[in-house]
Amino acid sequence: MPELPEVEHAARCLRAWALSGRILAVETDPRAERIFRPGSGAALARALAGRRVASVRRLGKHLLLELAGGGPLGLLSHLGMTGKWVRRLPGEPPPSHVRASLVLEGGAVLHYRDPRLFGRLRVVPGARFELLPELGALGPDPIAAGIDPVRLAALLGRTRRPVKVALLDQRILPGVGNIHASEACFRARIDPRRRADRLSPGEVARLARGVRATFDRALSALGAGEEIAYVEEGGENPFLVYARAGERCPRCRRAAIRRIVQAQRSTYFCPACAAGAARPAASASASRARASASRG
DNA sequence: ACCCGTGTTCGCTG
DNA sequence: TCAGCGAACACGGG
C-alpha cells in the first residue's frame, strides 16, 4: 500500500522489527527475479546473510536500509504497487506471494510480499545510495525536509502537464502518488486538470499545504511513536475524494465527486468547488481526438 | 468474462 | 533535443 505515508509506516515497522537481531538466512522466490534486478535473488541472499539492519531511512517511496556486520552495505526497497513488509513469529505461516524472506535471530521472519512484482529489492554496494540515479533525481522528502513553495512553483512552472499529473512526477515531491495527488488538489481547491504552469503563486502555496495536510492526515492515522498501529484493510475509505465517485462533495455538499482519467490513472475531484473555474487546459490526447474526429 | 488497481520504465512522436 | 504520451509489466479482486 505504498505512497509516502504507507512507506513511512513500513519504515517504522522495519525499525521496530529488524534493528536488533542478525539476519541468519535469506530466501528468495526464483520466479520473482525481476524484483532483484539488476542483481539477483541469490546475490541478495549472499549479501545479507549474517548481517544486521543498522538503520532504516525513507526518501519518498524508497526505503534505504544500512546493514552492519561487514563492510558498508545498503539495501534499497521500493514497494511498487502491491509490496509490503510483514513479520511472522516462529510457527506462524507465511502470507502468500512472498518474494523474499529474512530469517532473524530468535526465529521471527520478515517477509517481503508483492503479488504484482512491481517492487524492487536491491543491494547497494558500500551503502552509496547517493550514487543511484533513481534516488539522485528525487527532490527533497516533503515530510522530512518540508515543502519549499518557491521551489515547487519553479518546477510546476516548467511543465504544461495537468497539475495532478505533474504531482506524480517523483522529481517534484517524492512520495506523492495517485491517491494523495487527487487529495492535495481537492484540499487546495485546485482543478486537477489545470495546467501546472498556469497556477498562481498563491495556488502553488495552497497546493503545498494541501500535500502536507493529506500526508499528515494519513500519517497520524498510522499511530504515533513506538507502537506499531496495524492498519487493517477493508475499513472505511479515509480519503476526502479518492474512490468516492458519485458521492456528495464533503466540502460544498452541492455536487457529486467525479472520476476522470488522466495519464491512464483515475483522478477524483469536485467539479463545483475545485477552484480554477478558470477553464482547465485541454489535454493533448483530447485535442488530437477532436482533430482526428473533425477530419472524419 | 471484464474492468480496475496506492508505480515505474521504455519507446515513439511531434 | 525533449516534453508528453501510452503501452507494458503481472496478478488479484469486485
Side-chain angles (χ1 to χ4, degrees), chain A residues 1-11 29-38 58-63 76-85 95-99 112-122 132-138 155-185 193 195-197 211 214-215 217-219 221-222 231-246 259-268 281-289 291-292:
Chain A
M1 299 171 56
E3 287 184 37
L4 183 149
E6 300 293 346
V7 180
E8 177 61 28
H9 182 239
D29 177 353
R31 292 170 308 175
E33 281 296 322
R34 55 172 287 126
I35 287 176
F36 310 116
R37 289 184 314 196
R58 181 193 53 73
L59 175 56
K61 299 170 189 172
H62 296 264
L63 291 165
L76 182 68
S77 169
H78 191 293
L79 304 177
M81 196 92 105
T82 55
K84 192 171 192 174
W85 284 97
S96 61
H97 304 97
V98 168
R99 309 311 187 182
Y112 175 63
R113 172 179 198 269
D114 188 358
R116 285 176 75 176
L117 304 176
F118 287 166
R120 284 297 161 90
L121 204 52
R122 56 180 285 202
L132 300 178
E134 65 264 44
L135 293 188
L138 299 181
L155 291 174
L156 292 178
R158 209 175 289 167
T159 178
R160 302 158 66 92
R161 289 177 297 175
V163 56
K164 187 267 188 172
V165 176
L167 281 175
L168 297 178
D169 185 336
Q170 299 297 290
R171 294 171 298 189
I172 297 180
L173 294 175
V176 175
N178 198 45
I179 293 177
H180 291 285
S182 276
E183 294 288 296
C185 289
R193 301 167 293 182
R195 260 176 59 166
D197 60 353
V211 170
T214 188
F215 279 162
R217 175 76 200 266
L219 286 168
L222 297 179
V231 185
E232 291 302 334
E233 304 182 13
E236 295 270 299
N237 175 356
F239 303 111
L240 298 174
V241 291
Y242 183 79
R244 293 194 182 279
R259 172 187 180 271
I260 61 173
V261 174
Q262 296 180 292
Q264 304 170 293
R265 316 294 306 275
S266 290
T267 298
Y268 299 88
S283 76
S285 62
S287 303
R288 271 200 304 277
S292 151

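When reading the values below, keep in mind they use all heavy atoms of this one structure, side chains included, and skip hydrogens, waters and symmetry mates. Below, chains carry the letters A, B, ... as their sequence lines are ordered, and counting in each starts from 1.
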(message) Between A/V165 and A/R265, does the side chain to side chain contact (heavy atoms under 4.5 Å, CB included) criterion hold? Intermediate values first, please.
(response) CA-CA 9 Å; A/V165 176; A/R265 316 294 306 275; over 6 Å; no
(request) Determine, step by step, whether A/R99 and A/D114 satisfy the salt bridge (Lys or Arg N to Asp or Glu O under 4.0 Å) criterion, reporting the C-alpha distance in whole Å, the side-chain angles of both residues, the deciding distance to 0.1 Å, and the verdict. (result) CA-CA 7 Å; A/R99 309 311 187 182; A/D114 188 358; 5.9 Å; no
(message) Go through it in stages, so that I can follow the logic: the residues are A/L76 and A/H62, the test is side chain to side chain contact (heavy atoms under 4.5 Å, CB included), and I'd like the CA-CA distance, side-chain angles, deciding distance and then a yes or no.
(response) CA-CA 7 Å; A/L76 182 68; A/H62 296 264; 4.0 Å; yes
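The nearest whole Å value for the distance from the OH atom in A/Y268 to the C1' atom in B/dT6 is 11 Å. Here B/dT8 presents its C1' atom at 17 Å from CG of A/L4, a figure rounded to the nearest Å. At whole-Å resolution of the value, CG in A/D114 and C1' in B/dG7 are 10 Å apart. In this structure, OH of A/Y242 is placed 7 Å from C1' of B/dG5, rounded to the nearest angstrom. What separates CD of A/E6 from P of B/dT6 is a distance of 13 Å, to the nearest Å. Taking atom CG of A/L135 as the reference point, atom P of B/dG7 lies 17 Å away to the nearest angstrom. Atom CZ in A/R158 sits roughly 12 Å away from atom P in C/dG4 (whole-Å rounding). As a whole-Å value, the separation of A/I179 CD1 from B/dG5 C1' is 10 Å.
At a threshold of 4.0 angstrom between heavy atoms, the contacts of A/R265 include nucleobase atoms, whether or not backbone atoms are also involved. Using a 4.0 Å heavy-atom distance criterion, A/H180 is classed as making no nucleic acid contact.
By the salt bridge (charged side-chain N to carboxylate O under 4.0 Å, His left out) test, A/R171 is found to be paired with A/D169, residues two or more places apart in sequence or in another chain being considered. Legend: residues meeting salt bridge (charged side-chain N to carboxylate O under 4.0 Å, His left out) with A/R122, ordered by chain and number and at least two apart, are A/E134. A/L155 is linked by a side-chain contact (heavy atoms from CB on, under 4.5 Å) to A/R151, A/R158, A/I172, counting only residues two or more places apart in sequence or in another chain.
Ring-plane geometry between A/Y112 and A/W85 is classed as tilted, the angle between the planes lying from 30 to 60 degrees on a 0 to 90 degree scale.
The P atoms of B/dC3 and C/dA7 are separated by 14 Å, rounded to the nearest whole Å.
Judged by distance alone, the side chains of A/R259 and A/S266 do bring a donor and an acceptor atom under 3.5 Å apart.
Side-chain atoms of A/R160 lie closest to C/dG4 of the nucleotides B/dG7, B/dG5, C/dG4.
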(request) Under 3.5 Å for both distances, Watson-Crick or G-U wobble, that's the pair rule; now give the dot-bracket for DNA chain B, with | marking pairs to another strand and [ ] for crossing ones. (result) .||||.||||||||
(message) Each nucleotide in nucleotides 8-14 of chain C should get exactly one letter: B, S or -. Can you fill that in based on protein heavy atoms under 4.0 Å?
(response) -BBBS--
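In the region residues 169-178 of chain A, proximity to DNA chain B at under 4.0 angstrom, judged on heavy atoms, holds for A/Q170, A/G177, A/N178.
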